[in-house]
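Below, each value reflects all heavy atoms present in this structure, side chains not excepted, and no hydrogens, waters or symmetry copies.
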Amino acid sequence: MTTDTTPEPSPAAPLLNLQALVVAVRRRRRLWCSLAVLGLLLGAAVAVLRPPPPAAMAKVLVAHQEDQPNDTGTLIRTDVEVLQTTRIADKALKSLKSPVKPEDFLQDYRGTGVTNNLLQIDVTGDSDADAVARAKALADAFIADHIRRMQAAAKAESKALRDQGDRMRNELARVNKSIGGRTPESDPGSSASMESLFARRAELTSRIADFDQRAEEARMGAPRIIAGTQIVDDPRAVEHSLPMAVVTNAGIGLVLGLVLGLAVAAVGSVVADRPVLRREIAANLGASVIAELRRVPRRPIRLWQLRRTRAAHERLVSTLARTVRDSAESVSLLELGCAHSTSVLAIDLAKALSEEGPVVIIDDLPALQRAGRGQEPGGPAVVSADRAATVPHQMRRLGVGSVAPGTAWTGLQDLGSQTVLVVRAGHGSTAWLHTVARQLADLLIPVIGVVLVDPDPRDRTDGTLWDGRHTALRGHNERLARQNAAGRQPAERPSWSVRVPDSDQEAR
């Protein structure tokens with residue numbers, strides 16, 4: 001007596017499978033590598049076809065009245081903004097006698113604060129000489145404007161201090177007059193008033209001296225600013241290195257193209273929803289992955305790759321041959337996204353089976369004749385699907401067809417009563433894999449297993465579906481084949497296809 005164990009509910013599927021996303025992006029490396037190379041070439045082409053205009057540079061040392069050791073760069077940022085005004089541009093253009101408008105000239109230069117007191121001026125021109133002349137005119141115009149503003153500020157401050165000192169002198173004169181109008185013979189009770197007058201006179205005298213000193217310092221500060229503001233690096237043309245520009249622009253284009261390619265590949269993978277992992281393909285098709293095979297290339301490949309691919313192909317043919325020999329029913333190979341590989345596999349499988357008896361390939365795949373280069377003498381016979389009814393029942397049949405979009409599902413039963421799906425990883429969407437599994441289940445065509453073509457070499461996920469705790473799905477088919485070979489036909493044809501969820505929410 002056996003007891004059926006209820007399988008534990010599978011955990012909810014994540015909203016975004018990072019492992020599948022990384023594998024899908026890595027499989028689309030041709031896309032983002034192509035975009036990276038395109039960005040590199042475009043960057044190099046821009047550097048060659050659009051070289052930068054002639055440029056010149058000058059550095060100006062700027063002295064300020066309010067210079068402080070802990071200045072955060074506010075003063076030099078103000079100087080940068082003053083440099084980029086139409087007033088400075090107009091003065092520079094007038095000195096150059098240029099007809100260019102100041103508003104247009106502002107687009108040809110910029111200022112940069114190197115330190116708190118060092119201003120760098122970068123200018124472009126029609127030639128190196130023109131750029132150097134523009135830089136010189138801008139530096140002179142800025143220095144003249146800066147000196148004028150500092151002198152005006154110093155004069156205004158000095159005048160304000162002297163005016164305040166004059167008011168203090170007038171008040172001091174009134175206090176002295178009040179003190180002089182009193183005599184020693186006056187009332188002794190007024191001694192307190194005399195003391196306050198003397199204190200006020202002393203205070204006014206001290207403040208007048210302070211104002212005079214501050215006015216003198218303000219007037220003496222302007223020459224220091226005038227002498228400190230000067231051109232410390234004469235205008236010179238900036239040398240342009242074409243190889244360096246090509247390397248720089250090519251590197252920038254490479255990075256931008258790579259980032260864009262990775263973004264497009266990631267978004268496209270998420271939107272397309274094409275499973276690439278063994279686990280996902282097996283779950284969506286409701287059948288276990290029994291073998292993996294590299295895609296058969298249409299162009300010549302390297303010797304070591306050819307040996308490795310050929311060895312894997314021979315192992316797969318041997319495995320399928322053993323499975324087909326043990327089965328009393330006809331078997332078909334149904335492809336999805338790998339018609340050429342399936343055609344080559346079908347021809348090799350038929351040759352391996354023809355050693356034990358005649359084999360007829362029921363061809364419903366246009367790529368079969370191209371893969372086999374026509375029917376070889378002494379090889380397995382190839383019959384179209386329309387003539388499948390004329391094949392004698394004692395001959396072993398091997399059907400070859402497709403489950404790609406547009407498939408005539410009712411014709412799949414003529415190819416074989418059970419099938420092996422040959423699926424290219426990342427080709428079919430989740431919805432179409434569900435459709436294939438559902439249609440095969442409705443047709444009562446058991447799926448022996450899935451041959452995964454062009455899998456990700458770093459895929460370590462499990463592609464085996466388990467019924468219960470210890471039995472794989474393909475084990476049921478093997479037991480069924482042994483029963484059929486022994487003559488024990490089941491009462492009804494079982495379907496080993498796992499129920500496919502109708503939506504992603506139900507799958508979760």
Side-chain angles (χ1 to χ4, degrees), residues 10-11 13-36 258-259 261-299 301-302 304-317 319-320 333-342 344-345 403-404 420-434 436-437 447 449-466 472-474 504 507:
S10 59
L15 182 62
L16 181 62
N17 192 339
L18 293 180
Q19 183 182 8
L21 178 61
V22 171
V23 172
V25 171
R26 186 167 59 242
R27 289 177 62 86
R28 303 185 69 180
R29 54 185 174 272
R30 290 185 179 179
L31 172 64
W32 47 265
C33 287
S34 300
L35 289 178
L258 181 61
V259 172
L262 291 175
V264 171
V267 174
S269 300
V270 174
V271 173
D273 190 19
R274 299 178 184 273
V276 293
L277 300 178
R278 289 196 302 264
R279 176 181 58 211
E280 296 179 345
I281 294 176
N284 291 321
L285 287 175
S288 301
V289 176
I290 60 175
E292 292 183 344
L293 180 66
R294 294 189 60 179
R295 184 175 54 175
V296 178
R298 297 180 182 271
R299 61 182 185 275
I301 58 177
R302 297 179 178 89
W304 60 88
Q305 294 179 345
L306 180 62
R307 291 176 179 174
R308 186 169 52 189
T309 303
R310 183 179 300 171
H313 185 80
E314 292 176 355
R315 289 195 301 269
L316 175 58
V317 170
T319 301
L320 293 180
L333 299 179
L334 302 180
E335 66 85 23
L336 180 59
C338 49
H340 182 71
S341 300
T342 306
V344 175
L345 180 62
V403 289
V420 174
L421 294 177
V422 185
V423 181
R424 179 184 175 187
H427 179 78
S429 63
T430 300
W432 185 250
L433 295 181
H434 287 182
V436 171
V447 180
V450 178
V451 176
L452 192 60
V453 178
D454 193 20
D456 184 75
R458 301 181 183 179
D459 185 8
R460 297 296 182 268
T461 59
D462 185 11
T464 302
L465 297 182
W466 299 93
L473 288 182
R474 60 173 179 264
D504 293 342

S.K.: I need the Leu421 CG to Ile290 CD1 distance, nearest 0.5 Å.
M.R.: 9.5 Å
S.K.: With a 4.5 Å cut-off on side-chain heavy atoms, are Cys338 and Asp454 touching?
M.R.: no
S.K.: Could you check whether any side-chain heavy atom of Ser288 comes within less than 4.5 Å of a side-chain heavy atom of Val450, counting everything from C-beta outward?
M.R.: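 They are not in side-chain contact.
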S.K.: Would you check if Thr464 and Val289 make a side-chain contact, meaning some heavy-atom pair closer than 4.5 Å?
M.R.: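 Heavy-atom side-chain distance check fails, nothing below 4.5 Å.
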S.K.: According to side-chain contact (heavy atoms from CB on, under 4.5 Å), who are the partners of Arg26, at least two apart in sequence or on a separate chain?
M.R.: Val22, Val23, Arg29, Asp456, Arg458
S.K.: Under the side-chain hydrogen bond (donor to acceptor under 3.5 Å, both in side chains) test, which residues partner Arg274, sequence neighbours left out?
M.R.: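 With sequence neighbours excluded, Arg274 shows a side-chain hydrogen bond (donor to acceptor under 3.5 Å, both in side chains) to no residue whatsoever.
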S.K.: Identify the heavy atoms of Pro275 and Leu433 that sit nearest to each other, and give their distance.
M.R.: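 Result for this residue pair: CG-CD1, 3.8 Å.
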S.K.: Can you name the salt bridge (charged side-chain N to carboxylate O under 4.0 Å, His left out) partners of Glu292, sequence neighbours left out?
M.R.: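 In terms of salt bridge (charged side-chain N to carboxylate O under 4.0 Å, His left out), with neighbours along the sequence ignored, Glu292 is linked to Arg278.
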S.K.: Which residues pass the ring pair (Phe, Tyr, Trp, His ring centres under 6.0 Å) test with Trp432, not counting sequence neighbours?
M.R.: Trp409
S.K.: Got a sec, which residues hit side-chain contact (heavy atoms from CB on, under 4.5 Å) with Val264, two or more places apart in sequence or on another chain?
M.R.: Leu31, Leu260
S.K.: Are Leu35 and Leu258 side-chain neighbours, meaning at least one heavy-atom pair lies under 4.5 Å?
M.R.: no
S.K.: Side-chain contact test, heavy atoms from C-beta onward, threshold under 4.5 Å: evaluate it for Leu277 versus Gln19 and give yes or no.
M.R.: yes
S.K.: According to side-chain hydrogen bond (donor to acceptor under 3.5 Å, both in side chains), who are the partners of Thr461, at least two apart in sequence or on a separate chain?
M.R.: Asp459
S.K.: Just wondering, do Val447 and Leu334 contact through their side chains at under 4.5 Å, heavy atoms?
M.R.: no
S.K.: Mind checking what makes side-chain hydrogen bond (donor to acceptor under 3.5 Å, both in side chains) contact with Arg315, not counting sequence neighbours?
M.R.: none
S.K.: So, does Trp32 use its side chain to make a donor-acceptor pair with the main chain of Val25 at under 3.5 Å?
M.R.: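 Yes; judged by distance alone, with no hydrogens or angles, the pair exists.
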S.K.: For Ala431, give me all partners under side-chain contact (heavy atoms from CB on, under 4.5 Å), at least two apart in sequence or on another chain.
M.R.: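 Applying side-chain contact (heavy atoms from CB on, under 4.5 Å) to Ala431 gives Ser429.
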S.K.: Are any side-chain N or O atoms of Glu280 and backbone N or O atoms of Ala282, one a donor and one an acceptor, separated by less than 3.5 Å?
M.R.: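 Flag not set: sc Glu280 to bb Ala282 has no pair under 3.5 Å.
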S.K.: Identify, with sequence neighbours excluded, every residue that meets side-chain contact (heavy atoms from CB on, under 4.5 Å) alongside Leu316.
M.R.: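 Checked Leu316 against side-chain contact (heavy atoms from CB on, under 4.5 Å); matches are Ala291, Leu293, Leu320, Leu345, Val451.
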S.K.: Indicate the atoms forming the closest heavy-atom contact of Ser269 with Ala265, along with that distance.
M.R.: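 Heavy atoms of Ser269 and Ala265 come nearest at OG-O, 2.7 Å.
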S.K.: Output, in order, the C-alpha distance, side-chain angles, deciding distance and verdict of side-chain contact (heavy atoms from CB on, under 4.5 Å) for Arg424 and Leu336.
M.R.: CA-CA 6 Å; Arg424 179 184 175 187; Leu336 180 59; over 6 Å; no
S.K.: What residues, two or more places apart in sequence or in another chain, satisfy salt bridge (charged side-chain N to carboxylate O under 4.0 Å, His left out) together with Arg279?
M.R.: none
